[in-house]
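Just so it is clear, the structure is predicted and the values come from calculations on it, not from any experiment. Residues take their numbers from the sequence shown, with the count starting at 1.
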Amino acid sequence: MSRPKRELRKKFVIFCEGDTEYNYIDAMRLRQGVELALKPINMQGGGYTNFLSAIKREASNNCLAKFIIIDFDRVKKHSGELPKLKQLIRYCELQNYSGKIPHFLILDNPDFEYIACLHIADYSGQDAETYIGRRLGFGNLEKFKALENVYDYLNTGDNSYNLMLSRLQKKIIVNSYRINKTNFEIKILGTEIIWEHENERGSNINEFFEIIDW
């Protein structure tokens, strides 16, 4: 008897921390033709340690890759968070070195709200909170974070994630990876940590878009 053919699926697990990220990625489920399993993490009271604990609990997820999307601004707002972030980075590196499910750590500096601003055609580098509150007319950041249709809002007219991707510059984390489309395999070959970019706004979120779009 022949062995049943293995069903190949483009399934990814995404760990994220904020409402904006959750609502944005949730809308992508219907548009990218891939299976995205969202795992929101409550950062309150534990910070990056909460992420690490959640990832370890979900170690057996059956997927092509895991994305851990976090903001870097927590390092500057809360003392003691940098060592916790380094522990999270090290854990992801060990998982990738072992050849298990690849762990892509995506670090938005300072936060996802800045990444959101990069979608907007007339954004020219202003403080993200001020721009969202005044120029976009939300009044305050919390109203923007609660916007459930944030994906459509940021990808309408001249605004788009392609514009955002073209504007990304300095990155603290850069993952080198290889994709085997025939066998549905992804492997992280190495991770470069560029701490001298910690005071430069940027993100490696391009890796997330590149992979789910292949």
Side-chain angles (χ1 to χ4, degrees), residues 10-29 32 34 36-41 43 47-52 54-56 58 61 63-76 81-82 84-96 100-119 128 145 150-151 154 161-179 186-195 197-198 200-214:
K10 290 173 67 175
K11 178 182 177 181
F12 304 99
V13 174
I14 298 99
F15 297 88
C16 61
E17 61 176 284
D19 291 339
T20 315
E21 295 96 311
Y22 182 92
N23 291 332
Y24 188 102
I25 298 170
D26 190 41
M28 294 177 69
R29 299 175 196 250
Q32 297 297 122
V34 296
L36 303 176
L38 274 168
K39 306 286 183 178
I41 308 298
M43 295 280 278
Y48 298 122
T49 299
N50 282 10
F51 260 88
L52 184 54
I55 296 166
K56 288 181 176 180
E58 301 280 348
N61 287 117
C63 59
L64 289 178
K66 296 182 180 182
F67 292 91
I68 300 95
I69 303 178
I70 58 177
D71 293 341
F72 185 67
D73 64 347
R74 192 172 184 87
V75 168
K76 298 180 179 180
E81 282 295 283
L82 182 57
K84 296 177 183 179
L85 173 60
K86 290 182 176 179
Q87 289 177 2
L88 179 56
I89 292 173
R90 182 58 178 162
Y91 177 81
C92 292
E93 288 178 326
L94 289 173
Q95 297 306 300
N96 297 330
K100 298 179 181 179
I101 296 172
H103 286 52
F104 285 85
L105 185 58
I106 306 298
L107 193 58
D108 296 331
N109 188 12
D111 50 35
F112 190 79
E113 283 64 48
Y114 169 68
I115 303 304
C117 289
L118 293 179
H119 288 67
K145 289 181 176 182
V150 65
Y151 181 88
L154 295 175
Y161 69 83
N162 285 314
L163 177 60
M164 176 271 292
L165 294 173
S166 71
R167 290 170 155 181
L168 294 177
Q169 296 185 22
K170 304 294 185 179
K171 305 169 184 179
I172 296 176
I173 294 179
V174 178
N175 294 298
S176 301
Y177 60 90
R178 180 178 64 231
I179 297 176
I186 301 171
K187 181 177 178 59
I188 293 182
L189 305 176
T191 299
E192 182 181 9
I193 312 299
I194 313 172
W195 289 116
H197 289 169
E198 64 178 310
E200 304 283 348
R201 292 187 295 180
S203 172
N204 62 318
I205 200 169
N206 58 291
E207 296 170 7
F208 173 64
F209 282 86
E210 290 163 4
I211 291 171
I212 67 169
D213 201 33
W214 68 263

Measure the NE2-CD1 distance between His103 and Ile89 for me, rounded to the nearest 0.5 Å.
14.0 Å
For residues Asn96 and Glu93, is any side-chain donor paired with an opposing acceptor at under 3.5 Å?
no
So Tyr24 and His119, would you call those rings parallel, tilted or perpendicular, with 30° and 60° as cut-offs?
perpendicular
Between Phe112 and Asp71, the two heavy atoms sitting closest are N-OD1, 3.1 Å
Test side chain to side chain contact (heavy atoms under 4.5 Å, CB included) on Ile70 and Leu88; report intermediate values, then the result.
CA-CA 11 Å; Ile70 58 177; Leu88 179 56; 3.9 Å; yes
Closest approach of Ala65 to Ile186 (non-hydrogen atoms, all atoms of both residues)
CB-CD1, 4.3 Å
Quick one: do Asn162 and Phe209 satisfy side chain to side chain contact (heavy atoms under 4.5 Å, CB included)? Show the steps, please.
CA-CA 9 Å; Asn162 285 314; Phe209 282 86; over 6 Å; no
Whether Glu198 side chain and Ile172 backbone form a donor-acceptor pair below 3.5 Å
no
Intermediate values then yes/no, side chain to side chain contact (heavy atoms under 4.5 Å, CB included), Tyr91 and Leu94:
CA-CA 5 Å; Tyr91 177 81; Leu94 289 173; 5.7 Å; no
Can you tell me how far apart CD1 (Ile115) and CZ (Arg167) are? Round to the nearest 0.5 Å.
11.5 Å
To the nearest 0.5 Å, what is the distance between NE2 on His197 and NZ on Lys170?
4.5 Å
So, do Phe15 and Phe51 have ring centers that fall under 6.0 Å from each other?
no
Side-chain heavy-atom pair Glu210, Leu165 within 4.5 angstrom cut-off
no
For the student: nearest non-hydrogen atoms of Val75 and Leu85, plus distance
CG2-CD2, 3.8 Å
What are the two closest heavy atoms between Ile106 and Glu207, and how far apart are they?
CD1-OE1, 3.9 Å
Taking C-beta and beyond as the side chain, do Lys39 and Phe67 meet within less than 4.5 Å on heavy atoms?
no
Are any side-chain N or O atoms of Asp108 and backbone N or O atoms of Pro110, one a donor and one an acceptor, separated by less than 3.5 Å?
no
Any Thr20 side-chain heavy atom under 4.5 Å of Glu113 side chain
yes
No-hydrogen, no-angle side-chain donor-acceptor test under 3.5 Å, Asn206 and Lys171
yes
Got a donor-acceptor contact below 3.5 angstrom from the Arg201 side chain to the Asn109 backbone?
no
Decide yes or no for Cys92 and Thr191: does some side-chain heavy atom of the first lie under 4.5 Å from some side-chain heavy atom of the second?
no
Separation between CD1 (Ile188) and NZ (Lys100), nearest 0.5 Å, reads 14.0 Å
Provide the closest heavy-atom pair for Asn204 versus Ile173 in the form atom of the first, atom of the second, distance.
CB-O, 3.1 Å
Tell me, yes or no, whether the heavy-atom count around Lys76 atom NZ, taken from other residues, nucleotides or ligands under 6.0 Å, exceeds 12.
yes
Do Glu58 and Val13 come close enough that some side-chain heavy atom pair is under 4.5 Å?
no
Ring-plane angle category for Tyr177 and Phe104, please: parallel below 30°, perpendicular beyond 60°, tilted otherwise.
perpendicular
Closest heavy-atom pair and its distance - Leu168, Ser203
CD1-O, 3.7 Å
Note, Phe12 side chain near Lys66 side chain (heavy atom, < 4.5 Å)
no
Using the rule given for side chain to side chain contact (heavy atoms under 4.5 Å, CB included), can you reason through Phe208 versus Ile25, listing the C-alpha separation, both sets of side-chain angles and the distance that settles it, and then say yes or no?
CA-CA 11 Å; Phe208 173 64; Ile25 298 170; 4.3 Å; yes
CG-CZ distance between Leu105 and Arg90, expressed to the nearest 0.5 angstrom:
13.5 Å
Atom CD1 of Ile179 and atom NZ of Lys187: how far apart are they, to the nearest 0.5 Å?
14.0 Å
Does Ile212 reach the side chain of Lys10, with side-chain heavy atoms less than 4.5 Å apart?
no
Say whether Ser176 and Glu192, considering side chains only, have a donor N or O and an acceptor N or O under 3.5 Å apart.
no
Treating Asp26 as the side-chain partner and Tyr22 as the backbone partner, does any N or O pair qualify as donor plus acceptor under 3.5 Å?
no
